[in-house]
Novice: 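Before I ask anything, here is the structure I am working with.
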Protein chains: 2
Amino acid sequence: MKTDKDDIQTCGYTIIHENVVSDVRKKMLADETIMSLAEFFKVFGDPTRLNILYALSISEMCVCDLAALLTMSQSAISHQLKVLRQARLIKYRRDGKVIYYSLDDDHIRQVFAQGLAHVNE
Amino acid sequence: MKTDKDDIQTCGYTIIHENVVSDVRKKMLADETIMSLAEFFKVFGDPTRLNILYALSISEMCVCDLAALLTMSQSAISHQLKVLRQARLIKYRRDGKVIYYSLDDDHIRQVFAQGLAHVNE
DNA sequence: TTCTCATATGAATATATGTTCATATGTCAC
DNA sequence: GTGACATATGAACATATATTCATATGAGAA
């Protein structure tokens, strides 16, 4: 029967605390869950998208309004809106030629709040 | 005195709803705040860092333990730990040759919870 | 239909980012 | 001091990503 010592190499994978590692391993999140979480937070990791989300948390807006507000090209805004749509964070409605975007997730404001709590600590 | 119509061009910056835009503009976050927020969330936007943070939310761990747990190189883990340190999300203590990392932010678990709420909806 | 305008999207480009590899640092044991 | 080991770090590389540019789509007006 092998002892702990036998497993210790150069830290190619020295498990210094086997019990801790195996214990934590049991409680880790599933890979897909981690992946989904990372995708979710990645969306918040860009200033443009944060600005869009924050603006939409104040009022429904059309693409042109957002472009004017953020002084960015319509194309850039549209591309980011697509990302936000795919993340199921925003929804839209069409009125003639104009498309109005708004938030489609209840957690967004809370996520903002928690981020701000960290930033303003 | 110019009317709204005068401002409408090709949408190079057509402000379709001037009142909405000026109204929202007043309530927007400061640029630095948005930047800090983006930096904060960007840290959560990577599976490796999420795994590390989640593991540390269960137990304090050393670098080798984390490498073994996540089946990644010590170097890769160290680099990500540096990112997490710079984001002030983790702290460490030294015990001989071993360095133990742990969470250094109370919001982390809540941020996880909110992310999971979105993912599991 | 044809024109205009609001929006969407594909391709290209520049920049950011995660991992690896090699090496450096720091601590303990001898 | 020297050697072993845990960790840190700089450079290189490959991949991801945000914006721009050009163009396409879709809807109302004439």
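Lettering follows sequence order; numbering is per chain, from 1.
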Novice: Rounding to an integer number of Å, can you tell me how far A/Lys82 NZ sits from D/dT20 C1'?
Specialist: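 Checked: the NZ to C1' distance equals 16 Å.
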Novice: Just how far, in rounded Å, is P of D/dT15 from CG of B/Asp46?
Specialist: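 Value for this atom pair: 16 Å.
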Novice: Measure the spacing between CG of A/Leu53 and CG of B/Leu37 and express it to the nearest 0.5 Å.
Specialist: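 Separation between the atoms: 11.0 Å.
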Novice: Kindly say if B/Lys42 contacts the phosphate of C/dA16, meaning a side-chain N or O under 4.0 Å from OP1 or OP2.
Specialist: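 No, no such contact exists.
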Novice: Heavy-atom nearest nucleotide on DNA chain C for A/His79 versus A/Ile99: which residue maps closer to 5'?
Specialist: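 Nearer the 5' end of the strand: A/Ile99.
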Novice: Only one of B/Phe40, B/Phe44, B/Phe41 passes ring pair (Phe, Tyr, Trp, His ring centres under 6.0 Å) with A/Phe44; say which it is.
Specialist: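 Running ring pair (Phe, Tyr, Trp, His ring centres under 6.0 Å) over B/Phe40, B/Phe44, B/Phe41 with A/Phe44 returns exactly one hit, B/Phe41.
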Novice: So if I take every side-chain heavy atom of B/Ala76 and compare against C/dT7, C/dT20, D/dT7, which nucleotide ends up nearest?
Specialist: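 Minimum distance to the B/Ala76 side chain belongs to C/dT20.
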Novice: Applying side-chain contact (heavy atoms from CB on, under 4.5 Å), run through A/Leu50 and A/Phe112 and close with a yes or a no.
Specialist: CA-CA 9 Å; A/Leu50 280 184; A/Phe112 259 100; 3.8 Å; yes
Novice: If I take atom CG in residue A/Asn51 and atom P in nucleotide D/dA18, what distance separates them, rounded to the nearest angstrom?
Specialist: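 After rounding, the gap between these two atoms is 14 Å.
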Novice: What do the steps show when you test B/Leu69 against B/Asp65 for side-chain contact (heavy atoms from CB on, under 4.5 Å), and what is the final call?
Specialist: CA-CA 6 Å; B/Leu69 174 68; B/Asp65 286 351; over 6 Å; no
Novice: Per the atom types in the model, does the base of D/dA6 pair as donor or acceptor with the side chain of B/Gln74 at under 3.5 Å?
Specialist: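 No.
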Novice: OP1 or OP2 of C/dT20 less than 4.0 angstrom from a side-chain nitrogen or oxygen of B/Ser73, does that happen here?
Specialist: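 For B/Ser73, the contact criterion (side-chain N or O under 4.0 Å from OP1 or OP2 of C/dT20) is met.
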Novice: Please state whether the phosphate of D/dT19, meaning OP1 or OP2, lies under 4.0 angstrom from any side-chain nitrogen or oxygen of A/Thr48.
Specialist: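 For D/dT19, OP1/OP2 do have a side-chain N/O of A/Thr48 under 4.0 Å.
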Novice: Separation of B/Ile16 atom CD1 from D/dA27 atom P, in whole Å?
Specialist: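 Taking CD1 of B/Ile16 and P of D/dA27, I get 16 Å after rounding.
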Novice: So, OP1 or OP2 of C/dG18: does either fall under 4.0 Å of a side-chain N or O from B/Arg49?
Specialist: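 Checking B/Arg49 against C/dG18: at least one side-chain N or O falls below 4.0 Å of OP1 or OP2.
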Novice: Please confirm whether any donor atom in the side chain of A/Ser75 sits under 3.5 Å from an acceptor in the base of C/dT7, or the reverse.
Specialist: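 No, the side chain and the base share no sub-3.5 Å donor-acceptor pair.
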Novice: Separation of B/Lys97 atom NZ from C/dT27 atom P, in whole Å?
Specialist: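 So the two atoms are 12 Å apart, to the nearest Å.
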Novice: Using side-chain contact (heavy atoms from CB on, under 4.5 Å), reason through B/Tyr100 and A/His17 one step at a time and then give a plain yes or no.
Specialist: CA-CA 11 Å; B/Tyr100 294 92; A/His17 311 85; 3.0 Å; yes
Novice: Rounded to whole Å, please give me the gap between CG in B/Leu84 and P in D/dT9.
Specialist: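 B/Leu84 atom CG is separated from D/dT9 atom P by 14 Å.
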Novice: Can you check the B/Tyr100 OH to D/dT7 C1' distance for me, whole Å?
Specialist: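 B/Tyr100 atom OH is separated from D/dT7 atom C1' by 13 Å.
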Novice: Tell me: CG of B/Leu81 to C1' of D/dT7, nearest whole Å?
Specialist: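 Interatomic distance, CG of B/Leu81 to C1' of D/dT7: 10 Å.
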Novice: Identify whether any heavy atom of B/Tyr101 sits under 4.0 Å from a base atom; if not, whether one sits that close to sugar-phosphate; answer base, sugar-phosphate or nothing.
Specialist: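 Touches sugar-phosphate only.
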